[in-house]
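Start at 1 and go down the list; that is how both ligands and their atoms are numbered.
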Amino acid sequence: MDKHVVVIGAGFGGLAAALRARAKGYTVTLLEKGGQLGGRARVFERNGFKHDAGPTVITAPWLLEELFQLFDKDMRNYVDLKELDLWYRFIFPDGTNFDYTKDINHTLKQIEALNPSDVIGYKKILLESEKIFEIGFNQLSAKPFHNFIFMLQQVPAMIRLKAYRSVWKFISSHILNDKIRQAFSIQPLLVGGNPFDTTSIYSLIHYLERKWGIHYPMGGTGALVSAIGKLLIEEGVNVQLNREIKNIKTVANKIVALETDKLETIACDIVISNVDPVNLYKNISGYKYKKNWKIKIREKYARYSMGLFVLFFGTTKKYTQVAHHTIWLGKRYKELLNDIFYGKVLPADFSLYVHRPTATDPSFAPPDCDSFYVLSPVPNLTANINWKEEGQAYADRIVSALNKTMLPGLNKNIIDSFFMTPDDFKNDYLSQHGAGFSISPLFYQSAWFRYHNKGEGVENLYLVGAGTHPGAGLPGVLCSAKVVDSFL
Ligand SMILES: Cc1cc2nc3c(=O)[nH]c(=O)nc-3n(C[C@H](O)[C@H](O)[C@H](O)COP(=O)(O)OP(=O)(O)OC[C@H]3O[C@@H](n4cnc5c(N)ncnc54)[C@H](O)[C@@H]3O)c2cc1C
């Protein structure tokens, strides 16, 4: 086939779409604004310390394996995925630890220690999340949702699954203990949603984790991106970094060419965009889309995910007692989430995700040292926060809190620290309002209401990535590429 598919953006959605288009026999060019593949999954390397910048928790690994199988290749020959036994350690403000593990009996014992009657509740959560998973993931995550009739046909199933409930309501209906409620309701934060208003469809993550486990690619998520990059080159995809698409040229109702910031014009037959959809329609595409009522309404009423403050650092000692993935919870839960999602100023307190890859993979730091990243959900750029002024003080507060709790002596042992704020998400990934995960996973921003994978206004435009159906997170964006594959 001599048709030319151009993929804009090399996040996981764009990488998967490029491979899928290539497997269909198209000539494929992948254009990326940044200097690395991976989008939010880029890698920082400084003075012997390595940091994955984004995703660290790999679920549903078969969605990645499929990309290699498209070319009769085995992912195991490219990257070594290790299944973790300890998934997350939750640390509560009173010092209580709760280990969420692959061994379900161990998890049940941990629940029992906090509140014996919640053991049954957790089993019910797993049973219900399996039902949600069967429909929400197996039947619908890789199906196109641009047809409103198809959407209406799903409504009875959504009502049966009580998709209008929030994740918090779903978890609280089965669990009484407040700590366990928090531990089992934080999952929406991994895809940019507030547990108090994210549709309970996202509770399928519980079953998804139990079914396929939680994995870590040795060498980090960057090693996974490199493995995909190697496959792209082997299969003849033309990869061009440092190319930002500035303009889309159309003739009649077809895109005919793309213009880059280097003033190149690239002719194309089909375009797959991994660009933040709001930015795509608002700034890159021509006047034609601005007249489209669906785009106008989505843009006007869009609610964005929270922003992220990510602090990266090394330590001159090893914190061997610290798990690979820790959720460090502050004193406030619902109120803090309210401040993050609806507030206009930077809250004084925080809850943190602490990533210590050196717990599994020594390649991330020099001998006898650790590498860390600490992620704090914060308001996005619709709030009035001057990150240039507040960023360093916020980083210092996080270091001080960790120094007093899970990382004693951090004040003295910390080296090579730097951070990313929502400003960087806006500048580096062209993310609208610097949101960490594009638009929020709200019920009225899901399925047909989310940006369609089939582009608006022209025949030959398709969309993948976090802002499109089914949503953010690696399983979501990999599925968005499967949806687009079904159109090619
Ligand atoms: C800190 C952090 C931690 C996370 N942790 C996890 C996790 O543990 N597990 C998980 O499953 N998910 C996690 N996520 C979510 C997950 O990383 C994202 O949802 C997913 O990677 C987004 O992929 P995407 O395809 O939407 O593309 P993105 O990663 O958003 O990449 C889009 C790319 O398009 C490029 N681009 C944009 N505009 C243009 C243009 N005009 N021209 C050319 N290129 C352009 C950008 O430079 C970027 O490289 C995390 C996210 C973050 C930020």
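When non-hydrogen atoms are compared, ligand 1 lies under 4.0 Å from the backbone of N274 as well as from its side chain. Contacts between V57 and ligand 1 below 4.0 angstrom, taking non-hydrogen atoms only, involve backbone and side chain alike. Heavy atoms of V191 found under 4.0 angstrom from ligand 1: none, in either backbone or side chain. Residue contacts with ligand 1 for L375 involve side-chain atoms from C-beta outward but no N, CA, C or O (heavy atoms, distance under 4.0 Å).
Side-chain atoms of F98 and F184, non-hydrogen and from C-beta on, do get closer than 4.5 Å to each other.
For the pair R40 and ligand 1, the shortest N or O to N or O distance falls below 3.5 Å. Considering backbone and side-chain atoms alike, K33 places an N or O below 3.5 Å from some N or O of ligand 1. For G473, a nitrogen or oxygen atom sits less than 3.5 Å from a nitrogen or oxygen atom of ligand 1, counting backbone and side chain alike.
Looking only at distances, no side-chain donor or acceptor of N247 sits under 3.5 Å from a matching main-chain atom of E259. A donor-acceptor pair is defined here as one N or O able to donate and one able to accept, closer than 3.5 Å; such a pair exists between the side chain of T221 and the backbone of P55.
Of all the atoms in ligand 1, the ones that sit under 4.0 Å from a non-hydrogen atom of F12 are 25 (O). Atoms of ligand 1 found under 4.0 Å from any heavy atom of A472 (numbered from 1 in listed order, with element): 19 (O). Listed by number with element, the atoms of ligand 1 under 4.0 angstrom from any heavy atom of F437 are 14 (N), 15 (C), 50 (C), 51 (C). Heavy-atom proximity to I8, at under 4.0 Å, picks out these atoms of ligand 1: 40 (C), 42 (N), 43 (C). Numbered from 1 in the order shown, with element, the atoms of ligand 1 that lie under 4.0 Å from a heavy atom of F425 read 53 (C). Listed by atom number, the atoms of ligand 1 under 4.0 Å from G13 heavy atoms are 25 (O). For ligand 1, the atoms lying closer than 4.0 Å to a non-hydrogen atom of A53 are 1 (C). Set against the non-hydrogen atoms of Y373, the atoms of ligand 1 under 4.0 Å away are 1 (C), 3 (C).
If you check which protein heavy atom lies closest to atom 21 (O) of ligand 1, you get L474 CD2, 3.6 Å. At the shortest separation from atom 31 (O) of ligand 1 among protein heavy atoms lies G11 CA, 3.3 Å. With respect to atom 39 (C) of ligand 1, the closest heavy atom belonging to the protein is V275 CG2, 3.7 Å. In terms of protein heavy-atom proximity, atom 23 (O) of ligand 1 is nearest to V477 CG1, 3.8 Å. Looking only at heavy atoms of the protein, atom 47 (O) of ligand 1 is closest to E32 OE2, 2.7 Å. Considering only non-hydrogen protein atoms, atom 37 (C) of ligand 1 sits nearest to Y429 O, 3.8 Å. For atom 42 (N) of ligand 1, the nearest non-hydrogen atom of the protein is I245 N, 2.9 Å. Looking only at heavy atoms of the protein, atom 26 (O) of ligand 1 is closest to A466 N, 2.8 Å.
The environment of K300 atom NZ is sparse: at most 12 non-hydrogen atoms of other residues, nucleotides or ligands sit within 6.0 angstrom. Within a 6.0 Å sphere centred on CZ of F487, other residues, nucleotides and ligands contribute more than 12 heavy atoms. More than 12 heavy atoms of other residues, nucleotides or ligands shown are found within 6.0 angstrom of NZ on K50.
The closest approach between a heavy atom of D428 and any atom of ligand 1 is below 4.0 Å. Within the 4.0 Å heavy-atom shell around ligand 1 one does not find S438. Ligand 1 is never approached by R42 to a heavy-atom distance shorter than 4.0 Å.
A salt bridge links D485 with R20: the distance from a Lys NZ or Arg NE/NH1/NH2 to an Asp or Glu carboxylate oxygen falls below 4.0 Å.
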Is there a side chain to side chain donor-acceptor pair (under 3.5 Å) between N253 and E459 once you walk through the steps?
CA-CA 6 Å; N253 60 346; E459 282 172 14; 3.1 Å; yes
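For the residue pair D103 / T101, no side-chain donor-acceptor distance below 3.5 Å is found, with atom types taken as modelled. For the residue pair N380/T382, the side-chain donor-acceptor check at 3.5 Å is satisfied. S185 and Y333 share a donor-acceptor pair across their side chains, judged by distance under 3.5 Å alone.
Among A17, G9, P55, the residue whose heavy atom sits closest to atom 6 (C) of ligand 1 is P55.
By the 30° and 60° cut-offs, the orientation of the rings of F137 relative to F133 is parallel. Using cut-offs of 30° and 60° on the angle between ring planes, the pair F90 and Y100 is tilted.
Between Y373 and H355, the gap from one ring centroid to the other is short of 6.0 Å.
A cation-pi geometry, defined here as NZ or CZ lying under 6.0 Å from the six-membered ring centre and within 45° of its normal, holds between R46 and F418.
In summary, of the residues considered (F350, F92, Y353), a side chain to side chain contact (heavy atoms under 4.5 Å, CB included) with W328 occurs for F350 alone.
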